[in-house]
*Asks:* 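Following this message is one structure expressed as structure tokens.
When a residue number appears, it is its place in the shown sequence, counting from 1. Side-chain atoms are counted along with the backbone in the values below, which use heavy atoms only and exclude waters and symmetry mates.
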Amino acid sequence: MIELTVKERFAFRFVFNEERVYQRWYGRFLMFGLDYGRLRRVVARVGDWRQWCQIWTTEGDEVYRKAERALAEGSLGTAKALFHEAVACYHAGQHIFFIDSGQKEATQDKARASYVRALSLYSEAEKPVRVDVPYRGGNIPGYLRKADTEGRPLIIFVNGMDNIKEAEGHHFGDVFSRQGFNFFTFDGPGQGEMWRTMKFDARDYHSAVSAVIDWFEQQPPSGIDLERIGLVGFSLGGYLAPEAAARDPRVKCTAGNSGLVYIGGIQGLNKLNPIWQRGVTYMTGVKTLEEALPRFNYDINEAPALRSPLLFFHAGRDEVMPAPKTHADKMVNWAKGETTLRYMEDAEHCTMNYLDEVFPEILDWFKKQLRM
């Protein structure tokens with residue numbers, strides 16, 4: 001049985017039950033492709049928060065088997081949809097399950113395998129293309145979606161603490177591709193597939209984003225307009241994307257959502273919910289917050305001021321970070337270019353309960369900024 005502190009037991013009991021998840025996390029799960037009915041059924045089966053990953057993995061295995069049966073019967077559309085649904089189940093299971101890295105990584109591997117099966121059923125024109133960007137002796141893994149029209153801008157999605165490119169990244173790709181953008185999603189250091197080979201360091205994450213842009217510039221002409229690059233990031237990515245844009249003038253505009261823009265030393269880390277404290281040590285590959293501090297103690301004011309346009313959303317009921325309004329204010333005071341703040345008083349983390357309004361605004365804003 002997984003050992004947790006008393007504080008952690010309380011935190012996980014509070015989050016991982018049907019009523020609480022319904023209130024706070026269903027928007028997130030729906031965003032990366034889970035069916036609403038399946039959400040209700042599976043979450044209701046979780047009697048102990050320590051079974052969360054196991055129960056969702058079992059569900060993913062069953063959906064994966066259904067996909068294989070559909071494929072054997074020649075039902076390619078059904079199989080593709082079910083492989084994606086299995087990805088969503090596996091991602092839900094591993095999502096913020098930092099209490100057991102062995103379970104988490106094994107389930108993430110299943111998500112990646114199911115995603116590859118789904119992609120094998122796409123037409124060549126529609127299929128996200130696997131890309132491995134050379135970076136410090138290893139590779140940054142990602143997927144590129146090409147627009148069906150040449151000369152369109154490139155949007156790069158910057159992951160948060162526990163996104164993976166096969167889930168949220170795929171959903172964002174659907175959204176932006178439908179609007180005619182080229183779109184790239186990747187796992188950076190300490191995230192998803194890259195976690196095993198390189199851990200997170202907030203002081204240097206921007207170099208991974210720049211390496212991605214370098215890679216695009218080094219390719220033969222591809223029909224992507226690299227003079228029009230935008231970044232988008234949610235949650236921790238809502239900090240990482242603007243910070244990277246401030247350091248790389250090739251980025252022309254950025255949209256961020258619910259960025260945790262400063263930590264405040266060990267005192268700040270100690271104020272985080274125990275779930276996110278586990279996330280901090282997981283991403284940085286250490287056992288204690290004190291060990292993680294050098295890699296996870298940052299302040300947006302320590303970065304060069306952002307000079308390119310910024311659209312920034314923040315949520316007044318954000319349960320992930322203390323005092324969300326201070327993060328919103330700090331971000332817009334730091335940014336010196338054209339800045340638009342959307343502070344939504346009754347929104348939850350990543351404005352999950354307002355995504356029907358937020359996504360269209362982000363898309364329209366990018367179209368304006370990148371002259372589409």
*Asks:* Taking Asn333 for the side chain and Asp329 for the main chain, is one N or O donor matched with an acceptor at less than 3.5 Å?
*Replies:* yes

*Asks:* Is there a path of hydrophobic side-chain contacts, each under 4.5 Å between heavy atoms, that joins Val131 and Phe157?
*Replies:* no

*Asks:* Have Arg112 and Tyr90 got a donor and an acceptor in their side chains that come within less than 3.5 Å?
*Replies:* no

*Asks:* Kindly indicate whether the side chain of Ile140, heavy atoms from C-beta on, has any atom under 4.5 Å from the side chain of Asp187.
*Replies:* no

*Asks:* For the residue pair Asp346 and Asn353, what are the closest heavy atoms and their distance?
*Replies:* O-ND2, 3.1 Å

*Asks:* Keeping Asp318 on the side-chain end and Pro324 on the backbone end, is there a donor-acceptor pair under 3.5 Å?
*Replies:* no

*Asks:* For salt bridge (Lys or Arg N to Asp or Glu O under 4.0 Å), just list the numbers for Arg203 and Glu302, CA-CA rounded to whole Å, side-chain angles, deciding distance to a tenth of an Å, and then say yes or no.
*Replies:* CA-CA 10 Å; Arg203 299 166 299 183; Glu302 295 173 0; over 6 Å; no

*Asks:* Is the His170 ring parallel, tilted or perpendicular to the Tyr122 ring (thresholds 30°, 60°)?
*Replies:* perpendicular

*Asks:* Distance alone, cut at 3.5 Å: any donor-acceptor contact between the side chains of Thr107 and Thr57?
*Replies:* yes

*Asks:* With a 3.5 Å distance limit and no angle check, can you tell me whether Trp56 reaches the backbone of Cys89 through a side-chain donor-acceptor pair?
*Replies:* no

*Asks:* Which atom pair, heavy atoms only, marks the closest approach of Thr351 to Met344?
*Replies:* CG2-SD, 3.7 Å

*Asks:* How about Glu62: does its CD atom have over 12 heavy atoms from other parts shown lying under 6.0 Å from it?
*Replies:* yes

*Asks:* Within a reach of under 6.0 Å around NZ of Lys367, are more than 12 heavy atoms found that belong to other residues, nucleotides or ligands?
*Replies:* yes

*Asks:* Side chains of Thr288 and Glu291: do they bring a donor and an acceptor to under 3.5 Å?
*Replies:* yes

*Asks:* Has Gln179 got a side-chain atom pairing as donor or acceptor with Leu363's backbone, closer than 3.5 angstrom?
*Replies:* no

*Asks:* For residues Tyr143 and Tyr115, establish whether the separation of their ring centroids is below 6.0 Å.
*Replies:* yes

*Asks:* Side chains of Lys252 and Gln369: do they bring a donor and an acceptor to under 3.5 Å?
*Replies:* no

*Asks:* Could you tell me if Tyr36 and Arg40 have a donor-acceptor pair between their side chains, going purely by distance under 3.5 Å?
*Replies:* yes

*Asks:* Any link between Leu272 and Ile99 through a network of hydrophobic side chains (Ile, Leu, Val, Met, Phe, Trp, Tyr) touching at under 4.5 Å?
*Replies:* yes

*Asks:* Could you walk me through whether Glu361 and Tyr354 pass side-chain hydrogen bond (donor to acceptor under 3.5 Å, both in side chains), step by step?
*Replies:* CA-CA 11 Å; Glu361 182 171 356; Tyr354 283 93; over 6 Å; no

*Asks:* Under 3.5 Å, is there a donor-acceptor pair between the side chain of Lys336 and the main chain of Leu306?
*Replies:* no

*Asks:* One pair to check against salt bridge (Lys or Arg N to Asp or Glu O under 4.0 Å): Glu73 and Arg69. What are the steps and the verdict?
*Replies:* CA-CA 6 Å; Glu73 294 166 359; Arg69 289 195 292 270; over 6 Å; no

*Asks:* Within a strict 4.5 Å, meaning less than it, do heavy atoms of the Arg117 and Leu71 side chains meet?
*Replies:* yes

*Asks:* Please check if atom CG in Asp148 has more than 12 non-hydrogen atoms from other residues, nucleotides or ligands closer than 6.0 Å.
*Replies:* no

*Asks:* Donor-acceptor pair, Asp162 side chain versus Ile96 backbone, under 3.5 Å?
*Replies:* yes

*Asks:* Kindly indicate whether the side chain of Phe98, heavy atoms from C-beta on, has any atom under 4.5 Å from the side chain of Met161.
*Replies:* yes

*Asks:* Distance from Thr185 atom OG1 to His171 atom NE2, nearest 0.5 Å?
*Replies:* 12.0 Å

*Asks:* Decide whether Ser207 and Arg136 meet the rule of one side-chain donor and one side-chain acceptor closer than 3.5 Å.
*Replies:* yes

*Asks:* Quick check: is Val251 connected to Met372 through a chain of hydrophobic side chains (ILVMFWY, heavy atoms under 4.5 Å apart)?
*Replies:* no

*Asks:* Cluster question for you: counting only ILVMFWY and a side-chain heavy-atom cut-off of under 4.5 Å, with indirect links fine, are Leu341 and Val232 together?
*Replies:* no

*Asks:* What I want to check is whether the side chains of Tyr262 and Asn297 have a donor and an acceptor closer together than 3.5 Å.
*Replies:* no

*Asks:* Before giving the answer on ring-ring contact (aromatic ring centres under 6.0 Å, His included), spell out for Tyr282 and Trp195 the whole-Å C-alpha distance, their side-chain angles and the decisive distance to 0.1 Å.
*Replies:* CA-CA 9 Å; Tyr282 173 83; Trp195 178 83; 4.4 Å; yes

*Asks:* Please work out which of the three classes, parallel, tilted or perpendicular, describes the rings of Phe359 and Phe234, given edges at 30° and 60°.
*Replies:* parallel

*Asks:* Taking all atoms of both residues into account, what is the closest heavy-atom pair of Arg145 and Ser177, and its distance?
*Replies:* CB-OG, 3.6 Å

*Asks:* How close do Met31 and Leu355 get, heavy atom to heavy atom, and via which atoms?
*Replies:* SD-CD1, 3.6 Å

*Asks:* How far does CZ of Phe176 sit from CD1 of Ile155, to the nearest 0.5 angstrom?
*Replies:* 5.5 Å

*Asks:* Measuring only between side-chain heavy atoms, which start at C-beta, is Phe366 closer than 4.5 Å to Pro153?
*Replies:* no

*Asks:* Measuring from His95:NE2 to Phe32:CZ, what's the distance to the nearest 0.5 Å?
*Replies:* 6.0 Å

*Asks:* Is the Tyr239 ring parallel, tilted or perpendicular to the Tyr298 ring (thresholds 30°, 60°)?
*Replies:* parallel

*Asks:* Any side-chain to backbone donor/acceptor pair from Asn273 onto Glu319? Under 3.5 Å, distance only.
*Replies:* no

*Asks:* Are Leu154 and Leu240 joined in one hydrophobic group, where the rule is that I, L, V, M, F, W and Y side chains link up if heavy atoms are under 4.5 Å apart?
*Replies:* yes

*Asks:* Please test Arg130 against Glu193 for salt bridge (Lys or Arg N to Asp or Glu O under 4.0 Å), starting from the C-alpha separation and ending with a verdict.
*Replies:* CA-CA 13 Å; Arg130 170 77 182 211; Glu193 186 177 349; 2.9 Å; yes

*Asks:* Would you check if the side chain of Arg228 reaches a backbone N or O of Arg371 as a donor-acceptor pair within less than 3.5 Å?
*Replies:* yes

*Asks:* Measure the CG-CG distance between Leu311 and Asp364 for me, rounded to the nearest 0.5 Å.
*Replies:* 10.5 Å

*Asks:* Are a donor atom and an acceptor atom from the side chains of His91 and Gln108 found within less than 3.5 Å of each other?
*Replies:* no

*Asks:* Short question: side chain of Glu59, backbone of Val42 - any donor-acceptor pair under 3.5 Å?
*Replies:* no

*Asks:* Quick one: do Lys199 and Asp201 satisfy salt bridge (Lys or Arg N to Asp or Glu O under 4.0 Å)? Show the steps, please.
*Replies:* CA-CA 7 Å; Lys199 301 302 187 282; Asp201 191 334; over 6 Å; no

*Asks:* Kindly give the heavy-atom pair with the smallest separation between Ile213 and Ile229, and that separation in Å.
*Replies:* CG2-CD1, 3.8 Å

*Asks:* Minimum heavy-atom separation for Leu231 to Ala245, with atom names?
*Replies:* CD1-N, 3.9 Å

*Asks:* Looking at Leu289, is its backbone amide N or carbonyl O close enough to the side chain of Gln277 to form a donor-acceptor pair, meaning the two atoms are under 3.5 Å apart?
*Replies:* no

*Asks:* The test is ring-ring contact (aromatic ring centres under 6.0 Å, His included); show your working for Phe216 and Phe184 and say whether it passes.
*Replies:* CA-CA 10 Å; Phe216 276 99; Phe184 186 71; 5.4 Å; yes

*Asks:* Are the aromatic rings of Phe312 and His314 close, with centres under 6.0 Å apart?
*Replies:* yes

*Asks:* Can you find a heavy atom in the side chain of Ile362 that is under 4.5 Å from one in the side chain of Phe313?
*Replies:* yes

*Asks:* Is there a side-chain contact between Phe83 and Glu68 (heavy atoms, below 4.5 Å)?
*Replies:* yes

